[in-house]
Amino acid sequence: MGSRGKGQEMDAREVLEKYDRESHMRTNLGRWAWIVTFLGVGLTVFHLYTAYFGMLPSQKQGAVHLGTALGIIFLLFPAKAGLQKTQSSVPWYDVILAFTAMYVTYHKIIFFDSILQSRISGYSTPDVIISVAGILLVLEATRRTVGLPIVIVASVMIAYAVFGNYIPTQILSHAGFSFERTTTNLWYRESGVFGTPIQISAKFIFLFLFFGVMLVHTKIGQFFNDVAYSVTGRFTGGTAKAAVTASALQGMISGSSVGNTVASGSFTIPMMKKSGFKPEFAAATEASASTGGQIMPPLMGAAAFIMMEYLGVPYTDIMAAAVIPAILYFAGIFIGTHYEAKRLGISGMPKEQLPIFKQLLMKNGYMLIPLVVIIGTILVGFTPQRAALYGILSAFLVSLVRKDTRMSLRGTIRVLEEGARVALPVIAAVATAGIIAGVVSMTGLGSKFAAGIIALANGYLLLALIFTMIACIVLGMGLPTTANYVVTATIAAPALINDFGVVPIAAHMFVFYFGIVADITPPVCLAAYAGAGIARANPFKTGVTAVKLAIAAFIIPYIFIYNPILVGVDITVMGITIAILTALIGMAGVSSGLIGYFVSPSSWWERLLLIVGGLCLIDPAMVTNLIGITMIAGIWAIQRKRESENRPPRLA
């Protein structure tokens, strides 16, 4: 097991370095290692302290949050991927960038009052220089941690703000702002870099990411894997169903599609391949299930906390709105793995190879205490910030139970530093997303985009939804989920709400969903590529298979737009029961049609009717529901009859 385990660990690390920029950190920091530790521990302690004793003014809190993160980024992330393997220390130019980034950001704290006064009297030349330097350093830090596409989008937006008056198209043109006004607005005012996204990151997201680090330290991920296999491993296609269940459970504490795919997939993908699933299907199962972690309450992805602020509702409302769609999402993948297993004749795992559920709970059930604490704290009315703090404290106490998770002083310092490291890509991404959102606010691009959607859709909601879906997926190919949500929530969601009468929570969940599924949608589907790397599978085929498996993610958002009862609006027992049942039947129809197996192998026309019948159940109208159910039930009856006729007679 030793050499094999090390080999799998090496494969996972290589896959992460290839597909996840967050893993491109330097390992050889030389004499700067203690500076990184000091800054990382300091940043985590700062957030824990302000969570308990009270926040600084939002601009100051955001400045400490972003400035310290930028300093760590330039010390940890090399200018080019791969240099971390060849550099023996941090080069001098990155040291200069690190301390410059910290100074230009802390400048907002040092000269806080004079900067507020400058909004009235005008900014000085040094103020302009600092704003330009700050924006450039944010963009470079984002390029290093997240990638180039989001930097290109933000740069284009800045150029649009400055040169908008030269654009001939009436829909996109605007009066244009001077370069100085653009940069100072984006750096010093609340609608740019230090706008809502970075404020939410400083207030909530960092703490929940650190909570996830604490849970990983308690080895709760392995506990979830064991629970998943004990519950589902014995059923048809048990290894795939266990992978889906484990990813759903781990998704409650993880917001990274690629990271979750690699962490879970290094264990689940070989198991699925061994049981008989093709490499592409095994990789796609893990990728699609891991991607769904961002929509799985209670923690979800970082964008959920920004949604809370945009909608002005408690986080409990976001959780309540997300829970049924999330269950349906994972149910859809579960259904897909079932039909594929039936098609291939893959049975469950032998009972003697599976953990015993009762014994697991007796031995390790205490590991669930942090999750219970955080959910209970939110439900009784505490802020998410305080809930995260109590969750972190309970996770620390849980870590003391077992010797292998108990933290020494050195281990505590390492975990505090890791909390900051995990947050770095998110902090950089939301800062750059703030630039994009700031330009949208300055130029009125949101209303122009809405006008464009209305014109293209010609008043039809379905067309508007399709155009919005395409925009979200395209943006998701280059932007992290959180940044994608910030952009689409600023531009597209208002159009759906104001011009088509879509319920606000449904509109925001719609763009949230399609920003997430970009991680498994070809041609750029990083989670699928990461899974393919572990499975030694064809990446593009893996992406296509992941879309088939996660087809629920493409259907459910349309269902809750037309029937917002699924996101908790005007909910009744009868209404929600019918909505869930029709959604499940619809997903079963579409999934079986795409897989090619229902009760028995399906012909092309049977697959077509199954898909059409499933899609008919998107619209909550009684007529379409009856048509869809009739189609699916008809194919079921035909295949049952065919199967009974082809079954060999029993011997007397």
Side-chain angles (χ1 to χ4, degrees), residues 16 20 22-27 29 33-53 55 61-62 64-77 102 141 145-146 198 200-221 250 252-256 259-260 263 293 298-302 305 370-371 373-374 384-400 405-431 480 482:
L16 267 178
D20 191 11
E22 298 175 19
S23 62
H24 293 171
M25 297 182 189
R26 290 186 177 99
T27 53
L29 294 170
W34 72 271
I35 294 291
V36 170
T37 299
F38 174 78
L39 291 174
V41 172
L43 184 60
T44 303
V45 170
F46 166 77
H47 284 87
L48 293 174
Y49 178 86
T50 55
Y52 186 79
F53 290 101
M55 298 275 290
Q61 183 86 9
V64 175
H65 179 71
L66 177 60
T68 311
L70 290 177
I72 301 172
I73 286 171
F74 285 112
L75 293 175
L76 271 182
F77 288 83
M102 284 191 286
T145 55
V146 178
I198 202 72
I200 298 304
S201 178
K203 192 174 182 181
F204 303 122
I205 294 173
F206 186 98
L207 291 170
F208 278 93
L209 291 174
F210 181 56
F211 175 66
V213 170
M214 291 294 293
L215 290 187
V216 168
H217 184 77
T218 63
K219 298 187 177 179
I220 195 171
Q250 292 200 38
M252 294 190 295
I253 60 171
S254 171
S256 171
N260 207 16
L299 304 189
M300 305 171 64
F305 297 97
L371 285 176
V373 167
I374 206 165
Q385 187 181 34
R386 187 51 60 96
L389 184 64
Y390 291 158
I392 291 166
L393 178 60
S394 63
F396 175 76
L397 295 175
V398 163
S399 73
L400 301 177
T405 59
R406 199 173 299 145
M407 289 186 287
S408 62
L409 177 60
R410 178 175 291 183
T412 302
I413 292 173
R414 186 170 63 250
V415 169
L416 290 170
E417 181 185 351
E418 186 182 346
R421 288 186 177 220
V422 166
L424 296 178
V426 175
I427 296 172
V430 296
T482 307

**Q** Kindly determine whether L207 and L48 satisfy side-chain contact (heavy atoms from CB on, under 4.5 Å), including the steps that lead there.
**A** CA-CA 7 Å; L207 291 170; L48 293 174; 4.0 Å; yes

**Q** For the CZ atom of R26 and the CZ atom of F77, what is their distance to the nearest 0.5 Å?
**A**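 Between R26 CZ and F77 CZ, I get 10.0 Å after rounding to 0.5 Å.
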
**Q** Check V36 against I72 and note the closest heavy-atom contact, atom names and distance.
**A**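 It is CG1-CG2, 4.2 Å.
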
**Q** Quick one: pull up NE2 in H217 and CZ in R414 and give me the separation to the nearest 0.5 Å.
**A**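 If I round to the nearest 0.5 Å, the distance is 7.5 Å.
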
**Q** Strictly distance-based, threshold 3.5 Å: is any side-chain N or O of T405 a donor or acceptor partner for the main-chain N or O of S399?
**A**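 A pair under 3.5 Å: yes.
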
**Q** Is the closest side-chain heavy-atom distance between L400 and F396 below 4.5 Å?
**A**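 Counting from C-beta outward, L400 and F396 do come under 4.5 Å.
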
**Q** What's the spacing between R406 CZ and T412 OG1 if we round to 0.5 Å?
**A**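 Spacing of CZ (R406) from OG1 (T412) equals 12.0 Å.
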
**Q** Is there a side-chain contact between M214 and P370 in this structure, where contact means two heavy atoms from C-beta onward sitting under 4.5 Å apart?
**A**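 Heavy-atom side-chain distance check fails, nothing below 4.5 Å.
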
**Q** Which heavy atom in A420 sits nearest to a heavy atom in T44, and how many Å separate them?
**A**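 Heavy-atom minimum between the residues: N-OG1, 3.5 Å.
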
**Q** Might you point out which heavy atoms bring I374 and A388 nearest each other, and give the distance in Å?
**A**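 Minimum heavy-atom contact is CD1-CA, 3.9 Å.
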
**Q** When rounded to the nearest 0.5 angstrom, what distance separates CZ in F208 from CE in M300?
**A**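 Interatomic distance, F208 CZ to M300 CE, rounded to 0.5 Å: 11.5 Å.
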
**Q** Tell me the closest heavy-atom pair linking A141 and L70, and the distance in Å.
**A**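 Smallest heavy-atom distance, with atoms named: CB-CD2, 3.5 Å.
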
**Q** Rounded to the nearest 0.5 Å, what's the gap from CD1 on I205 to CD1 on I427? Could you check?
**A**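 Going from the CD1 atom of I205 to the CD1 atom of I427 covers 9.0 Å.
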
**Q** Looking only at non-hydrogen atoms, find the nearest pair between A69 and L43 and report the distance.
**A**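 Smallest interatomic distance, heavy atoms only, reads N-CD2, 4.4 Å.
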
**Q** Taking it one step at a time, do Q61 and F46 satisfy side-chain contact (heavy atoms from CB on, under 4.5 Å)?
**A** CA-CA 10 Å; Q61 183 86 9; F46 166 77; 3.5 Å; yes

**Q** Check step by step if side-chain contact (heavy atoms from CB on, under 4.5 Å) holds for V398 and L215.
**A** CA-CA 9 Å; V398 163; L215 290 187; over 6 Å; no

**Q** Any side-chain heavy atom of I220 within less than 4.5 Å of one from L371?
**A**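 Sidechains of L371 and I220: in contact.
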
**Q** Kindly assign one of parallel, tilted or perpendicular to the pair F206 and H47, based on the angle between their ring planes and the thresholds 30° and 60°.
**A**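 Parallel.
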
**Q** Quick check: closest heavy atoms across L66 and A431, and the distance to 0.1 Å?
**A**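 Looking at all heavy atoms of both residues, the closest pair is CD1-CB, 3.9 Å.
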
**Q** Evaluate the criterion side-chain contact (heavy atoms from CB on, under 4.5 Å) for residue pair V64 and T50; output intermediate values, then yes/no.
**A** CA-CA 11 Å; V64 175; T50 55; over 6 Å; no

**Q** Return the CZ to CG distance between F210 and L389, rounded to the nearest 0.5 Å.
**A**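 Between atom CZ of F210 and atom CG of L389 there are 10.0 Å.
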
